[in-house]
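Remember, it's 1-based here, ligands and their atoms both numbered in the order they're listed.
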Amino acid sequence: MSQQGFYAYQAVMMGSPILLKLPQPDEPLARNVFRLIKQQENLLTVNRPLPGAGADRSALSQVMAVNLAAGQHPVQVSQPVFNLIARAHQVSVLAGSAFNFAIGPLVKRWKIGFQGNSVPPQAELDALLQLTDPRQVQLDADARTVYLPLAGMEIDLGAIAKGWIADVVRDYLRQQGVADALINLGGNVQTLGLSAGQPWAIGLKQPFSQQGALLGTLAVSGKSVVTSGVYERYFELDGRRYHHILDPQAGYPLDNELLSVTVISEHSIDGDIWTTLLYGMGVEKALACLKTQPEIEAVFVTRDGEIICSSQRGFGFSLADTN
Ligand code: ADP
Ligand code: MG
């Protein structure tokens, strides 16, 4: 399928529509990219049923192997997975961080986006919060091991897996000599070069629009654009909305004036980390914080319908022609 001289390849993986755009038709390359995404997902996922007793444990992801050994023993992982976990650990223990890679027990209990439709009793949430302290996770860089000291602790890399994989795909395409391309992993966009000589145009979605209406368009070249929004996965109960980014302190979905945060950065992993961090800060603190982070830029959409750009060094932004 040709689009402005680009060829689009699509698949559904990790529960998301995946889109790859290449300047020339290249079916084998597209197949390799989708295979690479699958391999990476197989290393990181925590969303697979556990094998029964005596079943083949090699089918587990490396992260699930770590989780299964919680309270028992450290588990060795590959160097790339260790690096990713170490990065996740580092941002999780920052003072006041809304990012917590040890949030697994709460994510599993709420099941938001996976048939979850009720608010767990406070006593249960309180008990699970005891199992989500990221400072308790023990990493040994020399042995490449990860140890969760309490039974029931669980790592969840769901907030950064797509960003990580988007960067892996970008690196692979570069290695293959591809200068211009786009990969969209269901909200994580990573771009190489240009689109027919122009910056890539990435749509900024209007929150809760059924028709996929856009608020505007971001123009980027060789950058990642990541959006995290409260409208992506949620359930409604008694007039309240419960979405899938949890406040690690409260054990409840984060609740503030933001509907979405979009981060423009070189690496998609940074975009993924920063969308969660900034979402937790709220607009005012986030804007102040970004003054000290010239490599990270963001666009915020608030409940009042405001669109706020932290700066516009690395991207162009044009509003859609609507009210
Ligand atoms: P998506 O792009 O799929 O909407 P996000 O990048 O916004 O996902 O991350 C949301 C996912 O991250 C959740 O589904 C859950 O697995 C995990 N998660 C939820 N809350 C947190 C948190 N406070 N810190 C880190 N990960 C979280
Ligand atoms: Mg994310």
Hits for ring pair (Phe, Tyr, Trp, His ring centres under 6.0 Å) against Tyr252, two or more places apart or cross-chain, chain-then-number order -> Trp110
Starting from Val91, can I reach Leu290 by hopping between I/L/V/M/F/W/Y residues whose side chains sit under 4.5 Å apart? yes
Residue shell around ligand 1, heavy atom under 4.0 angstrom: Ala98, Phe99, Asn100, Ile103, Val107, Asp156, Gly158, Ala159, Lys162, Ser228, Glu232, Arg233, His244, Ile245, Leu246, Pro248, Asp272
Cationic tip of Arg241 within the cone over Phe208's six-membered ring, i.e. under 6.0 Å and within 45° of the normal? yes
Would you say Leu36 ends up clustered with Val12 if hydrophobic residues are merged whenever their side chains have heavy atoms under 4.5 Å apart, either directly or through other cluster members? no
Taking only residues two or more places apart in sequence, or in another chain, which ones meet Ser260 in a side-chain hydrogen bond (donor to acceptor under 3.5 Å, both in side chains)? none
Within the distance-only criterion (no hydrogens, no angle test), does the side chain of Gln190 pair as donor or acceptor with the backbone N or O of Ala181 below 3.5 angstrom? no
Excluding waters, which protein N, O or S atoms are within less than 2.8 Å of the Mg ion (ligand 2)? Ala159 O, Asp272 OD1
Do Arg144 side-chain atoms and Val77 backbone N/O form a donor-acceptor pair below 3.5 Å? yes
Check for me whether the distance between the ring centres of Tyr279 and Trp274 falls short of 6.0 Å. no
Over all heavy atoms of both residues, which pair between His243 and Leu254 is shortest? Give the atoms and the distance, please. NE2-O, 2.8 Å
